[in-house]
Amino acid sequence: MLRIEHVSKSYAKGKKAVDDLSLHIAPGEIFGFIGHNGAGKTTTLRAVAGILDFDEGSIIIDGHNIRTDVVAAKKSTAFLPDNPDLYDFLTGIQFLNLIGDIYEMDGDSRQNLIGKYAGAFQLTGNLGSPIGSYSHGMKQKLALVSALMRQPRLLLLDEPFVGLDPSAAHLLKQFWAELCQQGSSVFFSTHVLEVAEKLCHRIAIIKQGKLVRMGVTAELVGDSTLENLFLELEEEYHG
Amino acid sequence: MGKFLALLRLNFFSMLAAMRMGRKKRAFSGMGALALVAGLSLYISGLYSFLLAEQLSAVGALPLLITLMALVSVVIGFLFSLFAAQGVIFGAKDNDLMLSLPVSPFQLLLARTLALYLENLISTIFILLPAGVIYLWYGGSGGFGILPVLLVCALFLNLLPTLLSLIVGFLLAWLSSHLPRKTLATSLFQLALLALLLIGSFWLSNAINHVGAAAVGISHFFQGWGLPFLLLTRAVCQGNLLHLFGLIGLCLLPFLGIVWLFAWKYASILTRLTAHHARSDYRLGKLSSASQGRALLRKEARRWFGTPIYIFNTGVGLILLPIAGIAALINRDSIQRVLAAAEFLPVTPLLALGICFCLSTVSITGSSISLEGKQLWLLQCAPIPVQTLFIIKAAFQLLVCLPSLLIGWALLSLSFSLSGTESLLLLLSSLLFALANAPFGLWINLRFPKLDAVSDAAVVKQSAAALLSTLLPMGLLVGLFVLWFVLWSFLQTLGLMLLYSLILALWTLCAVVLLCRQGPALFQQLSE
């Protein structure tokens with residue numbers, strides 16, 4: 001579903017945010033991306049989403065190159081940043097309709113999917129209000145509804161559990177599982193290691209832009225915990 | 001005091017940052033933008049001061065020049081800061097942070113108001129000092145010693161336009177926080193203000209031509225409400241210190257008093273402004289779909305119509321054009337008489353310049369990218385070619401311009417009894433200018449984006465892109481006027497109109513090519 005091949009990205013003054021990163025995500029897989037602050041997770045996710053250009057390598061989403069076949073690649077994905085800022089001057093339903101139109105969804109399926117996801121997140125009643133009146137959590141839920149209603153082939157999320165209440169977080173995990181059963185994949189970054197350990201089929205750990213570990217979660221963790229593994233790697237790196 | 005100074009520095013530098021152009025090597029500091037304001041003020045001051053001094057020196061009333069230019073500086077300062085006040089003082093996005101700091105509302109309000117004061121100070125000084133020099137040039141008394149006095153006066157007189165802007169900003173914010181339809185109420189209030197300002201400007205322009213004859217009457221006119229201006233004149237021209245202290249008191253005390261008074265309600269107004277009317281009874285009904293283009297156009301329209309400061313900073317020309325057309329139609333007989341007397345002068349090119357001038361103020365695309373701000377990620381990850389996004393943003397500006405342009409063009413053509421060819425060339429040149437402005441504004445905004453502004457007002461009023469996307473096309477119009485001045489006797493109407501159309505067609509081509517060639521890469525760089 002996603003092939004990242006030897007991707008590198010440097011910012012001004014030559015600071016390498018991502019250094020020769022390669023990873024593949026199969027259809028139906030939930031893939032966790034872990035690393036300390038500034039490790040290059042967000043840069044990678046933004047590059048995959050087509051927001052950020054990169055210096056070297058290639059990114060293929062569902063067979064579409066993000067550089068040469070950008071519209072088709074973007075149409076297969078739904079990306080949510082860590083703090084999704086939405087248009088405050090639109091109401092919730094106007095925003096969802098805008099997204100529906102941009103992703104060329106027909107009226108009926110849009111109505112069904114908004115009904116399903118907004119209903120599950122208990123947001124339907126608020127859809128007539130301006131987004132400016134929403135709390136942070138409600139904005140987060142609206143952004144999730146807008147991503148899930150597209151039924152993306154690849155769901156990209158940066159720290160998706162920040163700001164979500166426990167029931168919404170539980171629902172989100174259910175919806176991921178549902179998407180994966182349909183053959184879609186989920187690629188997300190997180191600092192909540194317990195969630196990553198329980199949820200992800202595979203995990204990648206990134207440090208200063210370089211991939212330091214990647215594999216099936218159970219095999220990587222072994223008898224220990226993901227937290228221990230992460231801390232060991234941290235010590236190894238600093239030692 | 002330390003906390004207050006830190007707040008003042010923060011607010012002033014955040015305002016300068018809003019004006020900053022570009023990053024890295026192509027950076028052009030906020031100070032550069034202030035220099036632009038200074039240059040504009042210098043031009044206004046020079047123009048009006050010479051006009052007035054010529055008439056006033058002839059009737060022995062030269063000190064009135066200082067009085068009138070002080071009034072002009074207050075009016076210009078008020079115009080510069082009028083709509084900014086609501087955004088900078090009441091609509092800043094860092095209200096939550098500021099209100100959580102251990103500072104009193106008085107200190108916060110004073111710091112924000114003084115930031116506005118500092119911005120205004122440039123225009124006040126650069127209007128008053130040249131007026132002083134011209135006053136001396138025409139033989140005014142006092143010698144060069146009047147200039148430092150004038151500078152001190154400018155420091156305190158500048159509190160008046162700032163105070164007026166604060167009062168209007170407060171009224172607008174109060175209205176917005178108390179009425180259910182905030183956007184509509186604010187828009188209507190600003191429209192009324194704009195109408196008053198336009199009437200005032202027309203009145204001032206007419207009055208300047210007859211100022212010599214009415215010098216005595218004007219002096220009497222200032223006694224009363226215009227006391228600060230009279231005190232300033234006496235302090236400067238007679239070197240009267242008592243009058244200088246009087247002026248300082250008349251400017252400083254009301255300023256501090258009103259800031260102190262408003263500070264009582266400041267926190268509650270800010271709280272009410274951020275509160276929204278929320279409903280929780282929405283029922284999902286049948287949803288219909290639209291094309292990508294239509295959906296994005298609707299979004300642009302909702303942003304424009306839903307942001308009063310955006311409408312009023314980019315919509316004045318849209319109102320002026322039909323008003324000019326209607327005024328011309330009403331005065332059709334007088335126009336015909338003037339045209340008959342100046343038959344040899346090609347008027348149609350001047351009409352084209354007039355229409356284009358109105359259109360140059362309609363730079364919606366000049367702020368369109370900056371206003372996306374932190375929501376830009378939505379467009380960047382949308383499955384839409386970036387060229388399509390550009391086309392939609394430019395198309396929205398054209399859609400907004402067209403009705404006003406067509407009405408203005410038709411009425412002016414009728415009022416000036418233009419021939420079919422002249423009328424068509426007038427339409428062609430106006431359309432070309434409108435067509436060029438939309439992609440040009442977008443290109444400028446991509447080159448000088450301001451995605452992290454503290455308020456929408458900072459983007460549409462103070463950002464480098466908003467300024468340049470208006471001023472550069474105006475510069476082109478000045479060039480076209482110079483061409484008219486040089487070539488009118490050779491080329492006459494048709495020749496000049498063809499030349500204008502050709503130049504504007506090239507301008508359009510340049511704007512489109514620039515946007516197509518550099519736009520996508522600049523758009524991509526916005527996330528760096």
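From a predicted model like this one, the values you see are computed outputs, not experimental measurements. We name chains A, B, ... by the order of the sequence lines, and we start the count at 1 in each one.
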Legend entry - Neighbour count >12 (heavy atoms, 6.0 Å) for atom CD, A:Q122: no

Inset, instruction - Could you check if a side-chain atom of A:Y103 sits within less than 4.5 angstrom of a side-chain atom of B:P383, using non-hydrogen atoms only? - result: yes

Legend entry - Contact summary for A:Y87 and B:L378, nearest pair of heavy atoms: CE1-CD1, 3.6 Å

Inset, instruction - Heavy atoms only, distances under 4.5 angstrom: which of A:A118, A:G119, A:P84 has the most pairs with chain B? Name it, please. - result: A:P84

Legend entry - Which portion of B:R294 sits near chain A, non-hydrogen atoms under 4.5 angstrom: neither

Legend entry - Closest heavy-atom pair and its distance - B:A290, A:D101: N-OD1, 2.8 Å

Inset, instruction - Report the distance from atom CD of A:Q94 to atom CZ of B:R298, rounding to the nearest 0.5 Å. - result: 8.5 Å

Inset, instruction - Locate the shortest heavy-atom distance separating A:F79 from B:W377; write the atom from each residue and the value. - result: O-CZ3, 3.4 Å

Legend entry - Heavy-atom proximity to chain A below 4.5 Å, by part of B:R283: neither

Inset, instruction - State the CG-CG distance between B:L287 and A:N112, to the nearest 0.5 angstrom. - result: 9.5 Å

Legend entry - Contacts of A:R150 that satisfy salt bridge (charged side-chain N to carboxylate O under 4.0 Å, His left out) - sequence neighbours left out: none

Legend entry - Region of A:Y134 that comes under 4.5 Å of a non-hydrogen atom in chain B: neither

Legend entry - Minimum-distance pair of heavy atoms, taken over all atoms of A:A49 and B:C381: O-CB, 3.8 Å

Legend entry - Exercise: identify the closest heavy-atom pair between A:I102 and B:Q292: O-NE2, 2.6 Å

Legend entry - Structural part of A:Q111 lying under 4.5 Å from a heavy atom of chain B: both

Legend entry - Which atom of B:R302 lies closest to which atom of A:L90, heavy atoms considered: CD-CD2, 3.4 Å

Inset, instruction - Below 4.5 Å from any heavy atom of chain B, which atoms of A:D53 appear? Answer side chain, backbone, both or neither. - result: both

Inset, instruction - Report the option among B:S288, B:G293, B:A382 that has the most heavy-atom pairs separated by less than 4.5 Å from atoms of chain A. - result: B:A382

Legend entry - Side chain to side chain, B:K286 and A:D108, heavy atoms closer than 4.5 Å: yes

Inset, instruction - Indicate yes or no: at least one non-hydrogen side-chain atom of A:I93 is less than 4.5 angstrom from one of B:L284. - result: yes

Inset, instruction - Under 4.5 Å heavy-atom distance to chain B, tell me which part of A:L86 shows up: side chain, backbone, both or neither. - result: both

Inset, instruction - Can you establish whether the number of heavy atoms outside A:K173 located under 6.0 Å from its atom NZ is more than 12? - result: yes

Legend entry - Between NZ on residue B:K374 and CG on residue A:N83, distance to nearest 0.5 Å: 8.0 Å

Legend entry - Separation between CG of A:N126 and OH of B:Y282, rounded to the nearest 0.5 Å: 12.0 Å

Inset, instruction - Go through the atoms of A:L156 and report whether side chain, backbone, both or neither lie under 4.5 Å from a heavy atom of chain B. - result: neither

Legend entry - From A:L127 atom CG to B:D281 atom CG, the distance as rounded to the nearest 0.5 Å: 11.5 Å

Inset, instruction - Using a 4.5 Å cut-off on heavy atoms from C-beta on, say whether the side chain of A:F89 contacts that of B:D456. - result: no

